[in-house]
2 protein chains.
Amino acid sequence: MKPSDRSIKRNITMSEVAAHAGVSRATVSRLLNNRESDIKITERTRQRVFDAIRELGYSPNRLAQGLVSRKKQVIGLSIPSFAPPDPSNPSWIDMHSTHIGKMVCGVQMVTHQRRYDIHLFERYEYQNEGSIAADDPRLDFVDGMVYATPNPEYPHYENILRSGLPLVFIGPNTLSLPVSSVSVDNTAVHQEITRCLVQAGHTRIGLLLAEPFQAPLSQLRLAGYQQALMAHGLPFCENYVLAGSFDVSHMQACARQIFEVRPAPTALIIGRPDFALHVAREMQRLKLRSPADVEVVVYGDDHAFEHMSPRLTAFDVTQQLLAEQATCMLFDELNGLAPSGRHLTLSGRLRIRDSSPMTGFFLEETPVTNIETAATTKGGVIGPNAVPIA
Amino acid sequence: MKPSDRSIKRNITMSEVAAHAGVSRATVSRLLNNRESDIKITERTRQRVFDAIRELGYSPNRLAQGLVSRKKQVIGLSIPSFAPPDPSNPSWIDMHSTHIGKMVCGVQMVTHQRRYDIHLFERYEYQNEGSIAADDPRLDFVDGMVYATPNPEYPHYENILRSGLPLVFIGPNTLSLPVSSVSVDNTAVHQEITRCLVQAGHTRIGLLLAEPFQAPLSQLRLAGYQQALMAHGLPFCENYVLAGSFDVSHMQACARQIFEVRPAPTALIIGRPDFALHVAREMQRLKLRSPADVEVVVYGDDHAFEHMSPRLTAFDVTQQLLAEQATCMLFDELNGLAPSGRHLTLSGRLRIRDSSPMTGFFLEETPVTNIETAATTKGGVIGPNAVPIA
DNA sequence: TTGTAAGCGTTATCAA
DNA sequence: TTGATAACGCTTACAA
């Protein structure tokens with residue numbers, strides 16, 4: 001059919017239903033909005049209306065509903081994108097869509113059971129654009145926002161706040177903003193990983209950060225690393241700390257560089273899964289074995305780690321779970337069941353594999369208390385499954 | 001702040017802007033909707049209005065705009081989920097979020113540059129619920145739909161069609177529906193893979209299907225496989241064909257079963273990345289080497305393949321690209337630049353690695369003609385087919 | 001060039 | 001128990 005043929009199909013309206021049923025619009029609306037409630041409506045009218053609805057194939061226009069009721073049954077999900085994709089580079093590893101996928105699935109898990117939809121925003125922060133400003137019209141579509149950011153002082157969220165929409169961060173709330181957030185304690189985890197490595201006898205521990213030094217996330221991690229060293233009387237040597245970027249060649253350069261430091265590090269903490277894959281590749285090149293030559297722990301898990309050799313020990317931040325919990329918190333605020341400004345710290349999960357035994361790793365289990373999700377109720381089940389299609 | 005404190009912040013309306021600027025609502029609207037156009041408006045008025053907009057921090061309500069103009073600047077993305085997640089199973093591989101991520105990123109790529117948003121639907125087809133019915137109110141939020149499905153006779157889309165919304169499938173349009181679609185030719189690819197393996201001397205080629213036999217996708221693949229065998233005068237032996245499901249233990253069972261067939265297959269075509277990982281694990285257990293003992297080709301790529309040993313040769317269906325192209329087609333229809341009912345077949349990309357050299361693999365390059373995307377403009381994602389990877 | 005007024009498809013407040 | 005009618009915030013003829 002030609003584009004011109006495409007009938008701009010007008011949907012059945014409530015008025016038509018009302019007319020068909022011989023009642024007023026108001027009656028139809030009442031009926032529809034008080035399904036379960038015990039509102040007084042003649043059985044006869046009720047029947048007529050529902051018949052009309054069925055016969056006409058009516059369904060309410062959500063835009064109109066949203067306009068007047070201000071409820072859209074949609075929650076917004078905003079995810080940052082920090083680096084442009086580079087699929088032409090064969091070494092490029094698509095962690096971005098993996099990350100997006102996990103977030104989406106986590107949020108989806110919760111929204112689905114509440115029959116909400118997801119309105120997706122992606123922020124191209126590396127382009128310095130796409131900021132969700134207060135005047136961003138897109139906010140009209142949602143009832144609340146889940147906002148993922150490792151960079152909590154980034155000014156975008158201010159606008160969301162000003163808009164008065166409930167908002168939950170996924171990420172470290174380093175500024176202690178009056179906003180709810182859920183995150184993993186980067187400092188604690190790095191401290192604990194470092195402690196384990198120190199106790200295993202390592203004195204030269206490389207730290208590959210995922211972002212520039214000055215980034216909040218890097219600072220948090222560095223702090224944990226340093227605290228652990230200090231606690232055991234080990235010196236901090238900045239040669240062993242490299243700050244990465246999201247650029248493939250930079251990661252590769254770091255991977256090369258860290259093994260050129262002398263004396264060579266005997267253990268490595270790597271801040272991103274893709275970074276780790278580049279390091280692993282470099283280790284292969286250098287014929288370095290793990291854990292024999294270098295013990296490796298990655299912050300951030302990836303299913304590839306389970307299938308390589310050596311299998312890489314990793315701290316799984318369980319992004320999906322973070323997203324799930326964030327969404328639950330958002331719903332609580334939406335429903336007035338909880339105030340904003342709550343902070344939930346999840347503990348993540350250490351996946352011990354070949355590259356490091358991490359004996360004695362301990363992080364208090366997160367008490368996921370007043371927050372109930374599909375995952376918690378289903379007992380540890382965290383994500384939907386799989387369907388590549390073509 | 002208490003939930004009760006949360007000010008239901010009323011936004012500035014166009015009327016307020018008009019009042020502030022001393023003009024009528026219509027004038028403001030005109031100004032806003034004809035930014036670039038040469039509509040006649042006094043410079044003086046124009047200034048006053050824009051000043052008012054700035055001072056008041058006004059932004060138009062998209063719900064209201066959508067209600068009257070029927071344009072929402074939002075496109076819907078519907079993705080199926082076929083199996084429940086099973087994260088408690090350590091062998092479970094989260095391909096689902098990976099897949100979602102790629103689709104989302106592909107769509108996002110295009111919507112972003114057109115300043116559209118994404119409204120996300122997930123269909124839990126295994127639950128027989130969540131169908132997007134014609135009366136599904138959620139369709140009100142979107143201008144068009146990208147609908148991913150390996151199962152094109154699934155009746156959901158009918159309702160979208162009835163709604164009159166432009167729709168593009170991602171998946172094989174086996175029913176030749178009057179709907180645009182973009183897909184990889186499963187039959188051709190399987191035929192070509194099989195042909196290569198046969199020409200490499202294999203006569204016993206295992207085919208692990210991703211879905212039940214009767215699934216359309218399985219039929220398409222099987223057809224290609226059989227055609228290639230037939231073309232070379234090889235017998236078809238059904239012992240070498242196993243149909244999988246999305247269940248971990250079933251995939252594992254298949255992995256075991258295929259190696260118990262006698263005489264043992266010397267080559268394997270595996271229908272899903274996670275399936276392949278299970279097979280690889282089993283091969284490790286059986287101390288089978290690849291390609292020496294079994295040559296392996298996977299339909300569907302995964303970054304893990306690049307980092308395992310042996311590295312797995314895979315046909316990358318480039319889901320992200322599919323999603324990108326689908327979205328482009330959708331926009332074309334949306335803008336009346338193209339009729340619906342177009343079918344685009346992408347060629348995907350063979351990633352040659354250790355487990356199979358796939359010498360002589362050839363699939364005609366997809367002519368991605370009137371469709372322009374970030375990927376194509378950046379040159380090379382669609383490019384030549386057989387791309388050995390360093 | 002600008003303003004008036006009639007929708008868009010709902011919900012919600014009154015009366016009846 | 002039901003029905004007018006006024007919002008909700010915008011676009012768009014049609015007038016002025």
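Atoms considered below: every heavy atom in the structure, side chains included; atoms not considered: hydrogens, waters and symmetry mates.
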Are A:Thr45 and D:dT2 close enough that a side-chain N or O sits under 4.0 Å from OP1 or OP2? yes
In whole angstroms, the gap separating C1' of C:dT10 from CG of A:Asn33 amounts to 9 Å
B:Ile53 atom CD1 is separated from D:dG9 atom P, nearest whole Å, by 16 Å
Okay, side chain of B:Ser69, backbone of B:Gln65: is any donor-acceptor separation there less than 3.5 Å? yes
* Asked: Under 3.5 Å, is there a donor-acceptor pair linking the side chains of B:Ser97 and A:Gln320?
  -> no
Checklist entry - Does B:Ser29 place a side-chain N or O at less than 4.0 Å from the phosphate oxygens OP1/OP2 of D:dT11? => result yes
Whole-Å distance, A:Leu31 CG to C:dA12 C1', equals 16 Å
Kindly give the atom pairs (protein nitrogen or oxygen, nucleotide nitrogen or oxygen) under 3.5 Å for nucleotides 14-16 of chain D.
none

*For A:Thr27, answer base if it contacts any base atom (sugar-phosphate contacts may also be present), sugar-phosphate if it contacts only those atoms, and nothing otherwise; contact means non-hydrogen atoms under 4.0 Å.*
sugar-phosphate
Is it true that B:Ser180 and B:Arg342 share a donor-acceptor pair across their side chains at a distance under 3.5 Å? no
Polar pairs (N or O, both sides) under 3.5 Å between protein and nucleotides 7-9 of chain C?
{"unit_1": "C:dC8", "atom_1": "O3'", "unit_2": "B:Arg70", "atom_2": "NH2", "d": "3.0"}
{"unit_1": "C:dG9", "atom_1": "OP1", "unit_2": "B:Arg70", "atom_2": "NH2", "d": "2.8"}

Rounded to whole Å, the CZ-P distance (B:Arg62 to D:dT11) equals 11 Å
The residue, B:Leu32 or A:Ser24, whose nearest nucleotide of DNA chain D is more 5′ is A:Ser24
Taken to the nearest whole Å, CG/A:Leu63 to C1'/C:dT10 is 10 Å
> Quick one: are A:Leu67 and B:Leu67 in side-chain contact, heavy atoms under 4.5 Å?
Replying inline: yes
* Asked: Between A:Tyr116 and A:Phe331, does the ring centroid distance fall short of 6.0 Å?
  -> yes
Rounded to whole Å, CZ of A:Arg48 lies from P of D:dT1 at a distance of 16 Å
Looking at B:Asp117 and A:Arg138, would you say the former's side chain and the latter's main chain have a donor-acceptor pair under 3.5 Å?
no
If only atom types and distance count, is the side chain of A:Asn61 paired as donor or acceptor with the main-chain N or O of A:Leu63 below 3.5 Å?
yes
#### Entry: Side-chain donor/acceptor of B:Asp140 to backbone N/O of A:Arg62, under 3.5 Å
yes
Per side chain to side chain contact (heavy atoms under 4.5 Å, CB included), A:Leu77 is matched among A:Leu330, A:Val142, A:Ile118 by A:Ile118
